[in-house]
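Scope of the values below: all heavy atoms of this structure, side chains included, with no hydrogens, waters or symmetry mates.
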Amino acid sequence: MLGGAGFHPYRAKARPGRDTRRVQPKIMGIVNVTPDSFADGGQFLDAERAIAHGRELSAEGADVLDIGGESTRPGAEAVTAEEELARVAPVVDALVRGDGPPVSIDTSKLAVAEAALNAGAVMVNDVTALRAEPDLAGLCAQRGCEVVLMHMLGDPRTMQENPVYDDVVDDVKAFLAERIEFAVAQGIDEERIWIDPGIGFGKTVEHNLELHRRLGELAALGHPIVFGSSRKSFIGKLTGAEVHERLGGSIASNVIAYDNGAEMLRVHDVAPMRQALTVVEAILDPARAQAASQPG
Ligand code: HH2
């Protein structure tokens, strides 16, 4: 069943004002099949390598695999639906089989999402929040899949030029509220909607940091939060670290996001993030830590 078996039980029921601290964090492992992704560009362009990488992330404990065939890096070139589909189709086909975690398709294109859902993906992760191809909303409604609505100011080619907000958190929240309303009006089940502040998408370093600090304010929208800061450029700007040297910063960012209410963390480095979260959870939830320390 699409959107059901093995996936839905992971998420908490959406309800306004809930305390998300006790919700076990889920890890979304990133599988990019692109020549130009900012963090792993070209490395997994070859389908076989992307499949092997997805299997590694599964073995490391990913709860979801997010497969993407178009880079959204600042200044990245757009790709056609045909090209994107050719990149991701064999990878989705392979990773939905077997006993791996559920598959999410990272796309803004109806044709790509449709093919991935037909193949067995259960989640559509759209960085344009159903703005690029609004008919994608109807498809998601019809299929009953999970949907991630992400905030972005501008588009990937222009978004980092000079982002300006009245108040970044209020503006992101208002945007997401409007996109939730649109999605529901198109027939998407409220219970299937996830929201994402879009770290790095039309934001300065300070905007990104403010969104970490005040992430809890987005929980008032009543939907689980996806958070994607892994290896992003604000970490490089703060620390001087190159893209492959940003694990420490990525862990710090994700731990804070989790503590402030994020329920799904979209990351490149699944095993170290899993380890960090296990320790954080034990500290924040002594009951769970105590149970784990009992003999047997
Ligand atoms: N970030 C990227 C892509 N997709 N989806 C969500 N929901 N949230 C994010 O923050 C997010 C996303 C960009 O990261 P990456 O996939 O590593 O790079 P690229 O877009 O260059 O492939």
Requested in this report: Consider only side-chain N and O atoms of Arg266 and Asn254, and report whether a donor and an acceptor are under 3.5 Å apart.
Outcome: no

**Report entry** Expected output: side-chain Ser250 to main-chain Arg231 donor-acceptor under 3.5 Å
**Finding:** yes

Query raised in the report: Is the backbone N or O of Ile193 less than 3.5 Å from a side-chain atom of His223, with the two atoms forming a donor-acceptor pair by type?
Result: yes

Report summary line: In short, Ala219 meets Ile225 closest at the heavy-atom pair N-CD1, 3.9 Å

**Report entry** Lys/Arg-Asp/Glu bridge criterion (N-O < 4.0 Å) met for Glu84, Arg87
**Finding:** no

Query raised in the report: Is it true that Glu263 and Lys26 make a salt bridge, defined as a side-chain N closer than 4.0 Å to a carboxylate O?
Result: no

Query - Nearest atoms (heavy-atom pairs only) where Leu218 meets Pro197 - result: CD1-CB, 3.9 Å

Query raised in the report: Counting only N and O atoms by type, is there a donor-acceptor contact under 3.5 Å from the side chain of Ser58 to the main-chain atoms of Gly54?
Result: yes

Query raised in the report: How close do Leu130 and Ala183 get, heavy atom to heavy atom, and via which atoms?
Result: CD1-CB, 4.0 Å

Report task. Give a yes or no on whether the backbone of Ala271 and the side-chain of Glu60 come within a donor-acceptor separation of less than 3.5 Å. Result -> yes

Query raised in the report: For Glu178, does the CD atom have more than 12 heavy-atom neighbours from other residues, nucleotides or ligands under 6.0 Å away?
Result: yes

Query raised in the report: So how far is it from Cys140 SG to Asp135 CG, rounded to the nearest 0.5 Å?
Result: 11.0 Å

Query - Main-chain N/O of Glu242 paired to Glu245 side chain as donor or acceptor, under 3.5 Å - result: yes

Query raised in the report: Short question: side chain of Arg192, backbone of Asp189 - any donor-acceptor pair under 3.5 Å?
Result: no

Query raised in the report: Can you check whether Cys145 reaches Leu117 side chain to side chain, under 4.5 Å on heavy atoms?
Result: yes

Requested in this report: Would you check if the side chain of Asn208 reaches a backbone N or O of Phe234 as a donor-acceptor pair within less than 3.5 Å?
Outcome: no

Query raised in the report: Hey, is Lys173 close enough to Asp167 for a salt bridge, meaning N to O under 4.0 Å?
Result: no

Query - Worked verdict on Asp171 versus Val169 for side-chain contact (heavy atoms from CB on, under 4.5 Å) - result: CA-CA 5 Å; Asp171 291 6; Val169 180; over 6 Å; no

Requested in this report: For Asp126 and Ser108, test the side chains for any donor-to-acceptor distance below 3.5 angstrom and give the result as yes or no.
Outcome: yes

Requested in this report: To the nearest 0.5 Å, tell me how far Leu149 CG sits from Arg179 CZ.
Outcome: 7.5 Å

Requested in this report: Take Val124 and Leu139 through the test side-chain contact (heavy atoms from CB on, under 4.5 Å) and record every step on the way to the result.
Outcome: CA-CA 10 Å; Val124 172; Leu139 174 77; 5.7 Å; no

**Report entry** Side chains of Leu65 and Met28 in contact at under 4.5 Å (non-hydrogen atoms)
**Finding:** no

Report task. For residues Met152 and Phe175, determine if any side-chain heavy atom of one lies less than 4.5 Å from a side-chain heavy atom of the other. Result -> no

**Report entry** Side chain to side chain, Ile67 and Asp106, heavy atoms closer than 4.5 Å
**Finding:** no

Report task. Rounded to the nearest 0.5 Å, what's the gap from CE on Met273 to CG on Leu57? Could you check? Result -> 11.5 Å

Query raised in the report: Any salt bridge between Arg274 and Asp63, counting N to O under 4.0 Å?
Result: yes

Query raised in the report: In Å and rounded to the nearest 0.5 Å, what is the CH2 to CG distance from Trp194 to Leu176?
Result: 14.5 Å

Query raised in the report: Can you check side-chain contact (heavy atoms from CB on, under 4.5 Å) on Ile199 and Leu211, steps first, answer last?
Result: CA-CA 8 Å; Ile199 295 296; Leu211 282 163; 4.0 Å; yes

Requested in this report: Determine, for Lys109 against Glu114, whether the closest basic-nitrogen to carboxylate-oxygen distance falls under 4.0 angstrom.
Outcome: no

Query raised in the report: Shortest non-hydrogen contact from Ala119 to Asp93?
Result: CB-OD1, 3.3 Å

Query - Distance in Å, Ser230 OG paired with Leu247 CG, rounded so as to fall on 0.5 Å steps - result: 8.0 Å

Query raised in the report: Checking Lys237 side chain against Thr204 main chain: does a donor-acceptor pair fall under 3.5 Å?
Result: no

**Report entry** Side chain proximity check, Leu277 to Leu265, heavy atoms < 4.5 angstrom
**Finding:** yes

**Report entry** Spacing of Ile51 atom CD1 and Glu48 atom CD [to the nearest 0.5 Å]
**Finding:** 4.5 Å

Query raised in the report: If only atom types and distance count, is the side chain of Glu70 paired as donor or acceptor with the main-chain N or O of Val79 below 3.5 Å?
Result: yes

Query raised in the report: Under the criterion side chain to side chain donor-acceptor pair (under 3.5 Å), which of Asp196, Thr107, Asp66 is the partner of Asn125?
Result: Asp66

Query raised in the report: Any side-chain heavy atom of Ile283 within less than 4.5 Å of one from Val280?
Result: no

Report task. List the steps, then state whether salt bridge (charged side-chain N to carboxylate O under 4.0 Å, His left out) holds for Arg213 with Glu206. Result -> CA-CA 10 Å; Arg213 292 182 198 113; Glu206 186 48 43; 2.9 Å; yes

Query raised in the report: What about the rings of His207 and Phe201, do their centers lie closer together than 6.0 Å?
Result: no

Query raised in the report: When the ring planes of Tyr165 and His151 are compared, do they come out parallel, tilted or perpendicular, using 30° and 60° as the limits?
Result: tilted

Query raised in the report: Does some side-chain heavy atom of Arg55 sit less than 4.5 Å from a side-chain heavy atom of Leu95?
Result: yes

Requested in this report: Side-chain contact test, heavy atoms from C-beta onward, threshold under 4.5 Å: evaluate it for Val33 versus Asp46 and give yes or no.
Outcome: no

Query - Verdict with supporting geometry, Ser104 and Glu146, side-chain contact (heavy atoms from CB on, under 4.5 Å) - result: CA-CA 9 Å; Ser104 159; Glu146 307 287 320; over 6 Å; no

Report summary line: Taking every heavy atom of Val270 against every heavy atom of Gly61, the minimum-distance pair comes out as CG1-C, 3.9 Å

Query raised in the report: Between Ala50 and Val91, what is the shortest heavy-atom contact and its length?
Result: CB-CG2, 3.9 Å

Report task. Determine whether Ile256 and Val205 fall in the same hydrophobic cluster, where Ile, Leu, Val, Met, Phe, Trp and Tyr are linked whenever their side-chain heavy atoms lie under 4.5 Å apart. Result -> no

